[in-house]
There are 2 protein chains.
Amino acid sequence: MRKLPAKLASQLYGAAELIAERGLDGTKIDDIAEVTGILKATIYYHLDGKNGVLAFLLSDLLDLIAGEVGVAISSAEDARTRLEAAVAAQLGVMVEHPFLCRALVGDLGRATRLPELAVALRTAFYEPIEQLLSEGVADGSLRQVADPGAVAMSVFGAITVAGSAPRSRDPQRIQLRTRLAARRRSAS
Amino acid sequence: MRKLPAKLASQLYGAAELIAERGLDGTKIDDIAEVTGILKATIYYHLDGKNGVLAFLLSDLLDLIAGEVGVAISSAEDARTRLEAAVAAQLGVMVEHPFLCRALVGDLGRATRLPELAVALRTAFYEPIEQLLSEGVADGSLRQVADPGAVAMSVFGAITVAGSAPRSRDPQRIQLRTRLAARRRSAS
DNA sequence: CCATAGTTTGTACTATGAGTACAACATAGG
DNA sequence: CCTATGTTGTACTCATAGTACAAACTATGG
């Protein structure tokens, strides 16, 4: 199931817009077959149904993000700067793949319920952020927060929801820069 | 469809956990009937199917949030302070209703595709934030941002995703305070 | 106390769409 | 040329969302 031939893979991307628009459940497997030009039987030969289609598309997206983030955080800058770079990388990939991004946000519950995607989400989003948060405390470039996990989730939410906005201007032309939120949480 | 009797309404809330856990599509209408103790036929008598159930539950949540936010933003403080209060109010309601919050986030795509919910989301989340953002520029308590809509979406994403985290500690005992993100976006 | 409108129940039904089965066909690599 | 692997088409099954409807129940105002 993992070694989907390149041709089919590229055809499958044709389903992203459909899924983004209608949600996975509003999208019939026959529609996917029709719009991608892949026969239903072929889809089922390679993938595990609709969930498999979603998992395939989003795995790819998340791998891409994980890669870009990996590059962004491996510079020699201080943690705060790298954190900004990581977020910019995440946002950048989302903006370049608006349909996949919207599919992810719109079916986030389902995505997190698919084990492969849950792991990929952690790798691409949560782990690097939490990592940098703690490095930032160590090198003094970021202040300590009470609940780094919650901060990482907030950042993830902010990026994905904002990144999935329908965009009027040409996405290629928008350069995004972020100044990072200081977000504190205290228990009483 | 709008005047659901109080007893049924309260029973229906019993379905929130199920929907939060499995997503609306992983939840059979017969399961909802069973767990709430309402007969399927009765559900269909009042509501428009599964979507109707979700719409009812989330409408209630969003109305509650809209109310709390309304209180929070009507003080005499400067816009920045009221913005913090508004976000705290949104987060507070989410934390008090973890299942509904998770249902919302997990089925966000579907929620935004239901017209009533799309409107309620705007009213409870986007509009007050955008409003305060612009008032903050006017009274000098907040700096201008290039795309207030995107900021509002980021805030929404951060709140809902963070608010829907499974929480180990007793939610009642967690006091949340936020210092607001300065988030800038520039077009090249 | 009755009539009536609105609500609830139970059951049996239809319709849709996900997923399966499978046989025939295609194609590439050894 | 033989065999693995992949592709096609078609014809199923099966689960479940939603509908139909008649009978029973309930509240309310006349």
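Numbers restart at 1 for each chain; the letters A, B, ... are given by sequence-line order, proteins then strands.
Rounded to a whole Å, the CD atom of B:Glu34 is 13 Å from the P atom of D:dA17. Whole-Å rounding puts the B:Asp30 CG to C:dT11 C1' distance at 13 Å. As a whole-Å value, the separation of B:Asp48 CG from D:dA17 P is 14 Å. At whole-Å resolution of the value, CG in B:Leu47 and P in C:dT8 are 11 Å apart. Atoms CD1 (A:Ile43) and C1' (D:dG6) sit 15 Å apart, rounded to a whole Å. Summarising the geometry, the separation between CD1 on A:Ile29 and C1' on D:dT10 is reported as 17 Å, rounded to the nearest angstrom. Nucleotide D:dT16 holds its C1' atom 12 Å from the CG atom of B:Asp25, rounded to whole Å. Note: NZ (A:Lys28) to P (C:dG19) measures 15 Å, nearest angstrom.
A salt bridge between A:Arg102 and A:Glu21 is present, with a side-chain N of the basic residue lying under 4.0 Å from a carboxylate O of the acidic one.
One finds no side-chain N or O of A:Tyr45 lying less than 4.0 angstrom from the OP1 or OP2 phosphate oxygen of D:dT7. For C:dG6, the OP1/OP2 oxygens have no side-chain nitrogen or oxygen of B:His46 closer than 4.0 Å.
Proximity note for A:Tyr44 (side chain, C-beta onward) versus D:dA17, C:dT20, D:dG9: the nearest is C:dT20. The side chain of A:Leu8 approaches D:dT7 more closely than any other nucleotide in the set D:dT7, C:dG19, D:dT10. Closest contact between the side chain of B:Leu39 and the listed nucleotides D:dA17, C:dT8, C:dG10 involves C:dG10.
For B:Lys40 against D:dG18, a side-chain N or O and a base N or O form a donor-acceptor pair under 3.5 Å.
Side-chain contact between A:Leu117 and A:Ser59 is present, with at least one heavy-atom pair separated by less than 4.5 Å. Side-chain contact between B:Val53 and B:Ile19 is present, with heavy atoms from C-beta onward closer than 4.5 Å.
Looking at which nucleotide of DNA chain C each of B:Ile38 and A:Asn51 is closest to, the 5′-most match is held by B:Ile38. Place A:Lys50 and B:Thr42 on DNA chain C by their nearest nucleotides, and B:Thr42 ends up nearer the 5' end.
For D:dA15, the base adopts the anti conformation, since its glycosidic angle falls more than 90 degrees from zero.
No side-chain donor-acceptor contact under 3.5 Å links B:Lys40 to the backbone of B:Glu34.
Heavy-atom minimum distance, B:Glu77 versus B:Arg82: O-NE, 3.0 Å.
The partner of C:dT27, taking Watson-Crick or G-U wobble pairs whose two distances both stay under 3.5 Å, does not exist in any strand shown. Across all strands shown, C:dT11 pairs with D:dA20; the Watson-Crick or G-U wobble distances both stay below 3.5 Å.
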